[in-house]
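The structure presented is a predicted model; accordingly, all values stated were derived computationally and were not measured.
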Amino acid sequence: MLLSLIKLVQRFVSNCKPARLEKRHECSIGFLNIAELAKAEHFWVLYAQVPTSSDEYCRLRASQMVRHSSALTTYNPFLDEYGLIRVSSRLGDASIAYGTSHPVVLPSKNIVTKRIFEYEHQRLLHVGPQALLAHLSKKY
């Protein structure tokens with residue numbers, strides 16, 4: 001629900017830009033597609049990551065290594081094409097999904113992380129903690 005709402009707001013802002021107003025045939029209308037929902041999800045994850053790991057984010061954005069005192073040092077973090085902090089794993093060369101081999105870092109004490117866990121818990125019909133973590137570890 002929250003993803004749909006934020007994407008509709010982003011679409012509205014995009015459609016209100018002066019360049020789009022002149023070319024009405026380029027305005028986005030209708031149902032949300034999967035790519036738009038993925039962009040909204042990236043927005044929320046980035047919203048959660050930046051305040052809690054601002055030093056790491058700034059250093060990675062400047063193509064520098066994170067500090068040795070950082071909790072992410074041992075995981076070899078990097079920024080993906082959407083600006084999200086991901087970590088490398090031993091599964092990097094395996095023929096599995098990119099999100100599984102390079103999971104996104106979610107801050108543990110953030111409201112967005114809590115909402116993601118609550119949403120997936122309800123979507124998976126109230127599975128137990130082991131199954132929920134197994135499901136979420138495929139993506140995050």
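- Contact record, Phe31 with Arg11: O-NH2, 3.3 Å, taken as the closest heavy-atom pair.
- One distance of note links CG of Leu60 with CZ of Arg86; it measures 13.5 Å at 0.5 Å rounding.
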Candidate pair Ser88 and Tyr75, rule side chain to side chain contact (heavy atoms under 4.5 Å, CB included), full reasoning
CA-CA 6 Å; Ser88 298; Tyr75 300 110; over 6 Å; no

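- Atom CZ of Phe78 is surrounded by more than 12 heavy atoms from other residues, nucleotides or ligands within 6.0 Å.
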Please tabulate, for the side chains in residues 102-112, all donor-acceptor contacts under 3.5 angstrom to protein atoms that are two or more places apart in sequence or on a different chain.
residue : atom : partner : partner atom : Å
Asn110  : OD1  : Val112  : N            : 2.8
Asn110  : ND2  : Ala48   : O            : 3.4

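- Listed by chain and number, the residues in a side-chain contact (heavy atoms from CB on, under 4.5 Å) with Phe43 are Ile6, Gln10 (sequence neighbours excluded).
- In the hydrophobic cluster analysis, where Ile, Leu, Val, Met, Phe, Trp and Tyr join through side-chain heavy atoms closer than 4.5 angstrom, Val9 is grouped apart from Leu32.
- With rounding to the nearest 0.5 Å, the separation of CG in Leu136 from CZ in Phe117 is 4.5 Å.
- Around atom CD of Gln130, no more than 12 heavy atoms belonging to other residues, nucleotides or ligands sit under 6.0 Å away.
- When atom types are taken as modelled, the side chain of Thr52 and the backbone of Gln49 share a donor-acceptor pair closer than 3.5 angstrom.
- Atom CZ of Phe12 has 12 or fewer heavy atoms from other residues, nucleotides or ligands within 6.0 Å.
- Both Val127 and Leu133 sit in one connected hydrophobic cluster of ILVMFWY residues. Membership requires side-chain heavy atoms under 4.5 Å apart, directly or through other members.
- Two residues are said to be in side-chain contact when any heavy atoms from C-beta on lie closer than 4.5 Å; Leu124 and Leu132 meet this criterion.
- Each side chain to side chain donor-acceptor pair (under 3.5 Å) pair with one or both residues in residues 131-140, not counting sequence neighbours, appears once here: Glu41-Lys139, Glu41-Tyr140, Glu120-His135, Arg123-His135.
- For Lys7 against Ala40, the heavy-atom pair with the smallest separation is CB-CB, 3.9 Å.
- In this view, Glu81 satisfies the salt bridge (charged side-chain N to carboxylate O under 4.0 Å, His left out) rule with no residue, not counting sequence neighbours.
- Linking Ile, Leu, Val, Met, Phe, Trp and Tyr residues whenever their side-chain heavy atoms come within less than 4.5 Å places Tyr82 and Val45 in a single cluster.
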After noting the C-alpha distance and the side-chain angles of Cys16 and Val13, does the key distance pass the side chain to side chain contact (heavy atoms under 4.5 Å, CB included) rule?
CA-CA 5 Å; Cys16 288; Val13 170; 5.8 Å; no

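- A distance of 13.5 Å separates CG of Leu3 from CZ of Arg115, quoted to the nearest 0.5 Å.
- Residues satisfying the side-chain contact (heavy atoms from CB on, under 4.5 Å) criterion with His126, sequence neighbours excluded, are His121, Gln122.
- Screening residues 45-67 for salt bridge (Lys or Arg N to Asp or Glu O under 4.0 Å) gives Asp55-Arg67 as the qualifying pairs, with residues at least two apart or on separate chains.
- Atoms CH2 and CD1, from Trp44 and Ile116 in turn, are 10.5 Å apart once rounded to the nearest 0.5 Å.
- By the criterion of side-chain heavy atoms lying less than 4.5 angstrom apart, applied directly or through intervening Ile, Leu, Val, Met, Phe, Trp or Tyr residues, Leu37 is grouped together with Leu46 in one hydrophobic cluster.
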